[in-house]
Structure formats: structure tokens, C-alpha cells
Amino acid sequence: MPGPALDQISLTRLKGVGPSLAQKLSVLGIHSVQDLLFHLPLRYEDRTRIVPMRSVRLGETVQLEGEVVESRVTFGRRRSLQCTVTDQSAFICLRFFHFSASQKNALAPGTRIRCYGEVRRGRAGFELYHPEYKVLKDGEVEALTDALTPIYPTTEGLQQGRLRSIISQALELLDTAGGVQDFLPTALSRQLGLSGLTEAIRLIHRPPLDAPLDWSAAGMNPGQKRLAFEELLAHRLCMRRFRNDSNQQQAPQLAAEPPLLRQFLQQLPFSLTAAQRRVSGEIASDLAASHPMLRLLQGDVGSGKTVIAALSALQAIAAGYQVALMAPTEILAEQHLNNFQHWFAPLGLRVGWLSGKIKGTTRKTQLASLASGECQLLIGTHALFQDDVSYAKLGLIIIDEQHRFGVHQRLALRDKAALGRLNPHQLVMTATPIPRTLAMSAYADLDNSIIDELPPGRTPVNTAIISSERRSQVIDSIEQACAANSQAYWVCTLIEESEVLQCQAAEVTAEQLTSALPRVRVGLIHGRMKPAEKQSVMDQFKRGEIQLLVATTVIEVGVDVPNASLMVIENPERLGLAQLHQLRGRVGRGAKQSHCLLLYQSPLSEAGKQRLSVMRESNDGFYIAEKDLELRGPGQVLGTQQTGLMTFRIADIARDAGLLDEVKDASELVLRQHAEIIDPLIDRWLGARTSYVNV
Ligand code: ADP
Ligand code: MG
């Protein structure tokens with residue numbers, strides 16, 4: 001006779017779980033034994049064997065055992081504890097950038113340790129950075145595990161081992177409770193060859209020893225497939241339902257082709273490309289409809305999305321509505337402000353500006369003119385939707401560079417912006433082309449418009465991959481470019497996860513380049529400068545007073561200086577391909593042949609080489625985005641961390657791309673015939689994150 005259902009069993013029933021631990025688990029969204037079972041491993045580790053040091057390979061994650069022969073603090077670019085270990089077959093070095101005195105003492109020569117980590121190439125040959133390790137007592141034999149070790153997402157104060165043992169208990173209860181409730185219609189599971197849910201959960205937490213460690217590998221186990229399918233289905237259903245709800249809502253009907261539009265087009269110094277005309281037609285007819293537009297506008301860097309945004313804004317303004325244009329960074333928002341003021345002032349329109357830094361009377365005045373309806377277009381950052389901002393008659397929201405906002409923010413924004421009976425239209429613009437697979441799941445609630453053509457007269461950027469050992473040659477080429485009246489960027493990438501250090505690195509580089517290039521006027525821009533300072537540097541660069549601009553990745557978006565024809569990106573291997581493509585898009589904006597030099601830190605791994613060569617081969621953002629997804633290194637964490645778009649517990653858009661067509665069909669089937677399972681499925685997989693669903 002089965003016991004109570006798993007979602008009814010309280011966590012405190014488990015051994016070792018008291019109120020304080022239950023509290024920690026709730027941070028992870030775990031409130032019942034069933035939630036524990038759906039708390040899925042991020043990856044597995046193989047700690048079933050000790051690898052001889054002689055046979056370790058670069059990039060492998062290994063478990064080693066040996067004796068410390070030397071332990072000392074070294075002072076390179078960064079101070080670190082360097083600890084050499086041997087198992088008689090070879091030596092390997094463990095390196096700790098953060099360490100305490102007691103840790104140093106514990107790792108004294110003669111100590112035997114077992115450690116676990118990824119093999120890298122460091123100053124002392126093969127190294128493990130910050131490996132997990134355990135000091136072994138004299139004569140003690142530490143047993144090896146005989147199964148793969150699942151690694152779970154966890155939270156502060158909850159140790160991996162503790163969490164693992166709690167989940168083990170939940171797995172034992174799985175049998176007595178008669179399994180987990182399976183919502184998928186049996187006919188559907190059978191048709192798609194999916195395994196049962198309870199079976200799938202068991203396989204995920206306790207994979208067979210021969211299961212692939214690397215979840216991005218082709219050989220998915222049936223448990224993984226089943227759960228990934230269900231998760232993707234839940235996400236898609238959530239989006240689809242949102243979309244259906246939204247189709248029931250009312251939006252202002254904005255008449256197409258107002259005279260204002262013609263006036264604007266006449267004052268433009270160019271005519272629209274065919275792709276721009278097609279896309280603006282798609283948007284115009286959406287805006288004329290009586291339900292809210294939800295449209296994603298994709299177009300490569302420089303494809304001319306801003307003009308499209310302007311055209312849609314004019315359609316709303318001409319109909320007597322207000323428009324909000326939101327950008328993710330202040331620099332980008334300012335760039336838009338400049339453009340739109342330049343375009344809209346001659347038409348007699350009122351453009352406003354709001355950012356988090358606007359305070360006091362300026363802010364008050366701005367808010368008042370918005371509330372009265374006087375301000376017709378408001379440009380800014382997240383500040384546009386803070387609580388005290390209210391619009392008289394908001395008809396259209398335009399979001400630029402969507403990927404930085406994330407899907408949940410976007411949905412939350414829609415709720416916030418609703419004004420009584422009428423909901424504003426929404427246009428989302430992104431310069432990071434979204435692979436079809438990603439668009440299908442992350443943007444299933446949006447219609448798609450694509451600008452697949454660049455304005456005429458652009459020459460593709462020529463890209464070269466160069467080792468940092470040839471840095472001085474690269475510096476020479478800057479000298480030449482500047483002597484030929486061109487301008488250049490030098491981009492410093494993230495060294496640490498810290499903005500402060502990143503800016504310091506850029507400062508140091510700027511100093512070095514200033515002394516290496518006495519005839520070149522060097523400027524510096526980074527995220528910690530005041531907006532006014534940044535603006536002034538950008539203006540000087542635009543006017544040609546600065547010839548070489550040293551920058552952090554803040555210049556990624558919103559910079560348009562056609563005379564710049566050379567870009568050096570330092571340590572490009574640290575960035576995603578999509579981001580590199582964005583950066584590179586800052587050059588090649590004029591008629592001149594432009595060059596982009598990817599100055600990598602050698603040695604570069606095979607995978608790293610392969611990734612960078614995609615940049616050399618192609619200037620096509622869509623191709624690059626697909627490749628980026630495809631070539632992502634194995635063993636990376638799943639979901640959001642990679643895409644910046646969505647959190648998945650088990651699905652992986654790249655790996656599971658093959659499932660998406662089936663997911664799509666299944667979601668239509670469920671919407672038509674099994675509406676009763678939508679709520680439970682969404683609740684199981686998206687849980688508390690779906691507050692926006694109930695609009
Ligand atoms: P993005 O799509 O990256 O936002 P922008 O809107 O900033 O691109 O446009 C890049 C540049 O191309 C701008 O200087 C813009 O004025 C120019 N541009 C846009 N459309 C055209 C066109 N049809 N013909 C010529 N130049 C154009
Ligand atoms: Mg843009």
C-alpha cells in the first residue's frame with residue numbers, strides 16, 4: 001500500500017533535516033521531498049579511480065593522489081600558493097590564489113593528499129587551480145566511490161555532501177510512495193519513445209557507471225532525455241499560454257503610415273534597405289491591430305535597427321501615444337538619445353531622458369512632463385519602469401539589446417506597463433542574433449522579424465588571430481593605421497569577475513600603449529568613469545582628437561565611429577563568440593577596409609582555436625551564434641549561465657536542439673487536448689518564477 005504522495009511529505013521527515021536546514025533548502029526552491037527529486041545534478045564527477053599523474057591530459061578533470069614535495073608562495077602577476085605533488089610517475093602543481101596561512105601549513109612537504117580538479121597549463125607545467133583536496137592521514141587508505149558522483153546546485157551554508165545524502169533519502173522514498181506523478185499523456189510518451197518519469201529520475205540521480213560524464217555529449221541517457229523534454233515542454237507551454245492571454249488583451253490601434261512617417265523618411269540621408277522596408281511593414285501592421293504586438297527584431301550589428309525603432313515610435317506618437325525606449329547601458333541609451341533628438345527635433349517632437357542618475361528637480365520635471373503626456377518619447381535605462389514613473393498614455397515599449405534583460409524581466413515589464421484596459425505594444429530588438437533553436441524556446445511568445453541585409457557600401461572586416469607573443473607587431477600596426485589617418489580600438493577583456501580590476505587593467509594598458517606609441521593620441525574609456533567623462537572621451541574619439549581608444553568591453557554596444565578601421569581585442573578567448581562579433585561590429589562601418597586582430601594568450605587550447613577561427617571565417621552574426629552554441633566547451637554549467645536567457649535545470653538548448661520540434665508539436669497537442677496538465681507542469685518546472693503568467 002503506497003504511503004503519502006511525495007509532494008505531501010515534509011522535508012523535516014528526513015534524517016538530519018531540521019528547521020534551519022529546511023530553510024536553506026527553501027532558498028533552492030525545495031519545499032517537499034518531491035522537490036528534492038526534481039533538484040537535478042548539474043554534472044557528474046568520476047571519483048571512482050585515481051589517475052596516474054604521468055597520464056593526465058590538458059583539460060581533463062581528474063582525481064589524483066600523491067605526496068607534497070614543495071610548497072611555496074610565488075609572486076608572479078598574482079601572488080599564489082604553489083604546491084608541487086608527485087605520485088612517483090610525474091609531478092603536478094596545485095595553485096591557490098586565495099589561501100590562508102593554516103592552509104599553507106597543512107600542505108607542507110611530506111603531506112599525502114588526494115585532490116580533484118581540472119588540468120590546466122600554468123607557469124609550472126600542468127597545474128590544478130584551486131582543486132578540491134583532502135589531506136590523508138598516515139597509513140590511512142581512503143576508499144574510492146563505486147558510482148558517479150552527482151554535483152547539485154547548492155546554496156551558501158549547504159555542503160554538497162550533505163545535500164547529496166538528503167537527496168539519497170528522497171530516492172529511497174520514491175519506491176514506498178509509488179513514484180512521482182507523471183503528467184504526460186501515456187500515448188504521447190509512447191509515441192515519442194520517452195521513458196517513464198520515475199525511472200527517469202532514478203537514472204538522473206544514480207546514473208550507470210558507464211554513463212557519459214559530459215552532458216553535452218551526444219549520448220544522452222533516457223532519463224535525461226525524458227526530463228529535458230518535459231522541462232522544455234513546460235517552458236514552451238508557459239510562453240504559449242502567455243501569448244494566448246496576450247492575444248485576448250486590448251491594445252491601442254495605431255494607424256499605419258501617418259504623414260509624420262513620410263516627413264521623417266524624407267529627412268533621412270539614405271533610403272531604407274529592402275530588409276528594413278519588409279520589417280517595418282511587419283511592425284506597422286502589428287501596431288495597427290487591436291491586440292498588443294509582441295515582436296522580436298533581430299538584425300546583425302550595423303544592420304540599421306535604430307531607424308526601424310524610430311519608424312515604429314512615430315506610428316505610436318502620430319496616434320497620440322507615448323513611447324518608452326529602454327537600453328541596457330547608459331552609453332547605449334545616450335547614443336539613442338543623440339540619434340532620436342537629431343531625428344525628432346526637426347519634426348517638433350519632445351524627447352525625454354531618464355536614468356538612475358537623474359535625481360532631484362531634473363527628475364521631477366521629467367516625470368511631470370511624462371505624466372502630463374507632453375513628453376512623447378522617453379529614452380533611458382531600467383529607470384524607465386521604476387515605481388514612481390507613470391506614463392499618461394504609453395502605447396509602445398521598445399527594448400534594445402534584449403539579451404541583457406532576460407526573459408523574466410521582459411515579462412515582468414509587460415505587467416507593469418499595462419494601463420487599464422489597454423496594453424502597450426512591445427518591440428524587442430537584439431543585435432545578438434539568436435539561433436533558431438534558442439528563439440524557439442526562449443522567445444516562443446514573440447513573433448520574429450529579421451533584418452538579413454546590411455546597408456550598402458560596407459566591406460567585411462578582415463579578422464586575424466595572433467599570439468600575444470607578437471604583441472609588438474600588433475602595436476606597430478596601430479602606429480601605421482593612425483599614420484594613415486585611421487583610428488583604432490584596443491579592447492581589454494575581463495581578467496577577473498571584478499569591474500574594478502578590469503578597469504585597472506585597461507588603465508595599465510593605456511599607459512603602456514601611450515609610451516609605446518609616442519606619436520599616437522591615446523584615450524581611455526571604462527565602466528567606472530562618470531557618464532560625462534565617458535561622453536567627453538567618446539566625443540573626442542568621434543572628432544578624431546583621440547586616435548587610439550583603449551576600452552573595456554563597455555564599447556560593445558552603441559558606438560558608431562566610421563573612421564575607426566582597426567580593432568585589437570586582447571584575450572578574446574575569454575569572451576563568447578557573440579560578444580566578439582558585437583565588439584568587432586564597431587569597425588567596418590566606413591568605406592575603408594577594416595581589420596580586427598584577436599590577440600590571444602598562448603597557449604590556446606584546441607577548442608579555443610576552433611572557436612576563434614569561426615570569427616576569422618565569418619562576418620555573419622547568425623552563423624557565429626549557431627557555432628557558438630555548438631562549440632561551447634563541455635562540462636560547462638547548463639542553462640542561463642551560458643545563454644543569459646533562461647534557466648534550465650536539465651535541458652540544454654544546444655544539446656537538445658533535436659527535441660525542439662517534438663516539443664513544439666507536443667505543446668500544441670497539450671494546449672488543445674490536455675489543458676489540465678499545463679498548470680501542474682509549469683508549476684513543477686518553473687515554480688515560483690511564473691508569477692507573470694497570471695496577468
Ligand atoms: P544597429 O542595427 O546595429 O543598431 P544602427 O541602427 O546603429 O545599427 O545603424 C548603423 C549605421 O547604419 C547608422 O550609422 C545608421 O545611420 C546607418 N544606416 C541605417 N540604415 C541605413 C541604410 N538603409 N542605408 C545606409 N545607412 C544606414
Ligand atoms: Mg543598435
Side-chain angles (χ1 to χ4, degrees), residues 261-262 264-283 295-314 325-344 346 377 379-381 398-405 427-434 448-461 487 489 538-539 541-542 553-565 567 578-592 594 596 619-622 624-625:
L261 224 80
R262 216 164 312 124
F264 170 73
L265 287 172
Q266 270 161 12
Q267 74 170 32
L268 276 185
F270 49 75
S271 50
L272 299 184
T273 61
Q276 282 172 319
R277 278 200 303 274
R278 171 173 44 77
V279 162
S280 73
E282 287 164 1
I283 295 172
R295 191 170 277 278
L296 178 67
L297 173 57
Q298 298 188 60
D300 215 336
V301 210
S303 62
K305 291 182 292 295
T306 323
V307 180
I308 304 299
L311 290 168
S312 16
L314 288 172
L325 194 165
M326 177 163 81
T329 66
E330 206 141 320
I331 288 202
L332 182 59
E334 279 166 21
Q335 181 99 10
H336 280 313
L337 181 69
N338 294 339
N339 272 329
F340 280 82
Q341 265 171 343
H342 175 70
W343 284 335
F344 284 9
L377 167 64
I379 298 178
T381 54
I398 303 173
I399 305 179
D400 197 5
E401 306 291 345
Q402 147 65 20
H403 62 293
R404 286 161 187 248
F405 288 112
L427 179 65
V428 171
M429 305 198 286
T430 173
T432 310
I434 297 164
N448 233 316
S449 287
I450 300 181
I451 309 185
D452 51 7
E453 173 188 11
L454 291 181
R458 307 261 168 95
T459 350
V461 179
Q487 286 167 279
Y489 296 97
M538 280 321 301
D539 290 344
F541 189 56
K542 261 185 211 156
T553 47
V554 295
I555 58 147
E556 185 186 342
V557 286
V559 174
D560 190 15
V561 179
N563 189 47
S565 67
M567 174 175 280
Q579 203 182 359
L580 285 173
H581 179 66
Q582 286 261 301
L583 282 168
R584 182 173 61 181
R586 300 305 119 203
V587 292
R589 299 197 148 215
K592 248 181 282 189
S594 295
C596 177
N619 271 288
D620 174 349
F622 281 92
I624 291 171

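All ligand and atom numbering here is 1-based and tracks the order in the structure.
Each of the atoms 3 (O) of ligand 1 lies under 4.0 Å from some heavy atom of V301. Numbered from 1 in the order shown, with element, the atoms of ligand 1 that lie under 4.0 Å from a heavy atom of T306 read 4 (O), 5 (P), 6 (O), 7 (O). Ligand 1 places these atoms under 4.0 Å from at least one heavy atom of S271: 22 (C), 23 (N), 24 (N). Taking a cut-off of under 4.0 Å to the non-hydrogen atoms of D300, the atoms of ligand 1 that pass are 2 (O).
Residue-level proximity to ligand 1 for M429 is absent, since no heavy atom of it falls below 4.0 angstrom. Both the backbone and the side chain of T273 come within 4.0 Å of ligand 1, counting heavy atoms alone. Heavy atoms of I451 found under 4.0 angstrom from ligand 1: none, in either backbone or side chain.
Remark: distances from the non-hydrogen atoms of G302 to ligand 1 include one below 4.0 Å. Contact between I308 and ligand 1 is absent, with no heavy atom of the residue lying under 4.0 Å from the ligand.
Atom 9 (O) of ligand 1 has its closest protein heavy atom at G304 CA, 3.6 Å. For atom 13 (C) of ligand 1, the closest non-hydrogen atom on the protein side is D560 OD2, 3.7 Å. The closest protein non-hydrogen atom to atom 16 (O) of ligand 1 is F270 CE2, 3.5 Å.
Within the 4.5 Å cutoff, the side chain of M429 has heavy atoms near those of the I398 side chain.
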Checklist entry - Stepwise, does the side chain to side chain contact (heavy atoms under 4.5 Å, CB included) test hold for L272 with L265? => result CA-CA 9 Å; L272 299 184; L265 287 172; 4.1 Å; yes
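Side-chain N or O atoms of N619 include one that pairs as donor or acceptor with a backbone N or O of V461 at under 3.5 Å.
Close N/O approach between L272 and ligand 1 is not found [any backbone or side-chain N/O within under 3.5 Å].
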